[in-house]
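Every number for a ligand or one of its atoms is a count from 1 in the order of the listing.
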Amino acid sequence: MKLTRRAVAAGLPLAIAQPALAAPLRLGEAAARAGLRYGTAIEPQTVENDPAFAALVLDQCDLITPENALKWNALRPDRNHFDFAAADRVAAFARRARAPMHGHTLVWHEAIPDWAIHELKTGDPRALLVDHITTVVRRYAGRVVSWDVINEPVERNDRRPDGLRKSPWFEALGPDYLEIALRAAHAADPKARLAIADYGLEYDDIGWMVEKRGTMLDLLRGLKSRGVPLHALALQGHLLGDHPPAFGAGLSQFLRQVAALGLAIYVTELDVNDQHMAGDIAQRDRSVAEIYAAFVRAVATEPATQIVVTWGLADRYTSKVDFFPRPDGKPVRPLPFDADLRPKPAAQALADAFASRRRS
Ligand code: XIL
């Protein structure tokens, strides 16, 4: 087993618990030393049924995101009930880890149950949204310290001048849905930090992403100028294994502009999609590590960056296996630890990238 600070706290003799040689890799500590907080998204059943995986999460992570348990389809079996079972199981694990949670997510165009889609069209959509947010945010106040209040609100292909996605929320409430949601979340837990999250903001050399940055900045500026409670922009950080790590001046400038609005920056779903990467495992792992390093170095340099969450911790559990399987049938390897829970080059790359912030 791995011997850690928490193992010491659990009563293991110090002589065993402190290896004399190289310090063990602990991403949470590496992040904390750089003024960042590192965590992972989890499903409750993985940490409950797999003690070795749970131990790795306890060892490495200081922030826990429920990967699916706080989505509408998990919480809302029908109009009149909330089912907090899965989210409470994640919360119980976070308590074991002595880690706060990052909440994902209150408003998204996916994972909405059919009854709610119907109600958005025929009922009182504002009441539905406000009631949901009030109930959920109040329940986890003090445990969920930051929320992806709105997930993926921008879709330029929907061709609106403001770039907003024509989501079921938008169709029911118009552009006001963002403000309604943020104000409801703030009222329910004034201490919680409230974020807007989106993908496709990361790369300097992909045209639609560069344009999406501009659309996002306009959206954030508008909300801030109207005094809407909003504290952070969350970059999902789903990175591309088969694309050069183009995280340069463009990304830095974008982060500066977001920070200049008084917003913090979060990275909330970091992973590297290796679906189409060529090469043997060692080569792929090295390239994946370089991509993690380049991105996290770029975001960690920005002083407004506060949290980095990977979308899973080890390749044993990743939704990439369902959504982006490799055509050669080989296992996907998108995360810092491998399927045997051993650190990959990406884990060291992350630790080094966190440390680079202290030198910059
Ligand atoms: C994904 C989960 O990882 C899957 O388990 C689930 O089946 C679908 O959702 N962007 C998001 C996340 O904001 O909520 C998505 O998570 C991945 C893409």
S.K.: What class does the angle between the rings of H102 and Y266 fall in, given that below 30° is parallel, 30 to 60° is tilted and above 60° is perpendicular?
M.R.: perpendicular

S.K.: I'd like to check D205 versus P244 (side-chain heavy atoms, cut-off strictly below 4.5 Å). Are they in contact?
M.R.: yes

S.K.: According to the ring pair (Phe, Tyr, Trp, His ring centres under 6.0 Å) rule, which pairs have a member within residues 275-305, sequence neighbours left out?
M.R.: F247-F295

S.K.: What residues come within 4.0 Å of ligand 1, counting heavy atoms only?
M.R.: E67, N68, K71, H104, W108, N151, E152, Q236, H238, E269, W311, S319, F323

S.K.: Listed by chain and number, what are the ring-ring contact (aromatic ring centres under 6.0 Å, His included) partners of F82, not counting sequence neighbours?
M.R.: F84, H132

S.K.: Looking only at side chains, do H109 and N151 share a donor and an acceptor under 3.5 Å apart?
M.R.: no

S.K.: Going by salt bridge (charged side-chain N to carboxylate O under 4.0 Å, His left out), name the pairs with one or both residues in residues 134-148, residues two or more places apart or in two chains.
M.R.: D88-R139

